[in-house]
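Start at 1 and go down the list; that is how both ligands and their atoms are numbered. Count residues from 1 along the sequence. Only this structure's heavy atoms are used, side chains among them; waters, hydrogens and symmetry mates stay out.
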Amino acid sequence: MSSSFPSRDSGQLVLVVEDETGIADILIAYLQRDGLRTLHAEDGEQALRLFRQARPDIVLLDIHLPGMDGVDVLKHIRSDGATPVIMVTALADDVDKLLSLRLGADDYVVKPFSPAEVVARVRAVLRRSAPITTTAAAPIRVGRLEIDLEAHAAFSVDEGGETQAAPLPLTLTEFRLLACLAAQPRRCFSRSHLIETCLPESEALDRVIDSHLSKLRRKLQAAGHDDLIETVRGIGYRLWPGA
Ligand code: CA
């Protein structure tokens with residue numbers, strides 16, 4: 001299977017880590033048929049590389065892999081945050097071992113499995129880990145920026161932690177882009193995801209997003225927020241506080 005990045009971003013992204021091509025192909029076909037996007041890694045090193053580049057919504061992780069095994073991959077993923085992980089194992093014994101290690105997998109699947117069952121588990125874990133949305137969202141603070149989702153406005157925060165009175169002069173689209181990136185700092189967002197989230201009413205092209213982002217960057221720089229938004233080559237953008 002190809003490890004190139006999926007171009008459309010309509011569904012949540014599943015990183016499938018599986019060295020047996022036959023199993024991987026079946027899983028990927030079922031996941032995609034259910035509207036999920038997929039990336040495939042055949043070993044642990046590739047899994048971590050793709051994980052860091054693409055920031056998947058969930059990882060389906062085989063334990064027995066050539067080289068770095070699934071347990072080590074899970075440790076690295078856990079040291080990096082709370083991305084849901086479902087471990088896939090050939091042996092029921094492994095589940096006991098994993099549970100005793102308390103490594104924080106979100107679920108376990110034992111081979112041989114029904115692909116439909118795996119898709120159902122993926123959906124269940126994604127539902128469980130979905131952020132709780134509240135009606136009055138608290139402002140997001142990243143670096144020296146405060147983003148007020150209720151007021152649709154972003155403010156600079158001075159050295160003393162005081163929020164400045166005047167909002168940054170952002171357009172609605174620029175504000176939406178900033179809020180989307182800032183909601184999950186360090187996560188890489190594809191252009192198509194940003195188009196869908198921030199310009200849902202338009203048939204925008206990738207270069208339209210690039211143009212909005214370059215204006216947003218200039219305005220952030222003018223307000224003293226340097227290099228807050230990074231371009232991730234071949235994928236899209238992310239917000240990296242403290243860069
Ligand atoms: Ca394996």
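At a cut-off of 3.0 Å, Glu18 is not counted among the residues with an N, O or S atom near the Ca ion (ligand 1). Residue Glu20: no N/O/S atom is found under 3.0 Å from the Ca ion (ligand 1).
The pair Glu45-Arg49 fails the salt-bridge criterion, with no side-chain N (NZ, NE, NH1 or NH2) lying under 4.0 Å from an Asp/Glu carboxylate O. Contact check on Glu174 versus Lys219 returns a salt bridge, with a Lys/Arg side-chain nitrogen under 4.0 Å from an Asp/Glu carboxylate oxygen.
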May I have the list of side-chain donor-acceptor pairs in residues 56-66 shorter than 3.5 Å, sequence neighbours left out?
from: Asp57; atom 1: OD2; to: Leu13; atom 2: N; distance (Å): 2.7
from: Asp62; atom 1: OD1; to: Lys111; atom 2: NZ; distance (Å): 3.4
from: His64; atom 1: NE2; to: Asp94; atom 2: OD2; distance (Å): 2.7

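Side-chain N/O atoms of Ser190 and Ser192 include a donor and acceptor closer than 3.5 Å.
Atom O is the N/O/S atom of His64 found closest to the Ca ion (ligand 1). The name of the N, O or S atom in Asp62 nearest to the Ca ion (ligand 1) is OD2. Sorting the N, O or S atoms of Asp19 by how far they are from the Ca ion (ligand 1) puts OD1 first.
A side-chain hydrogen bond (donor to acceptor under 3.5 Å, both in side chains) with Glu230 is found for exactly one of Arg186, Arg217, Arg238, namely Arg238.
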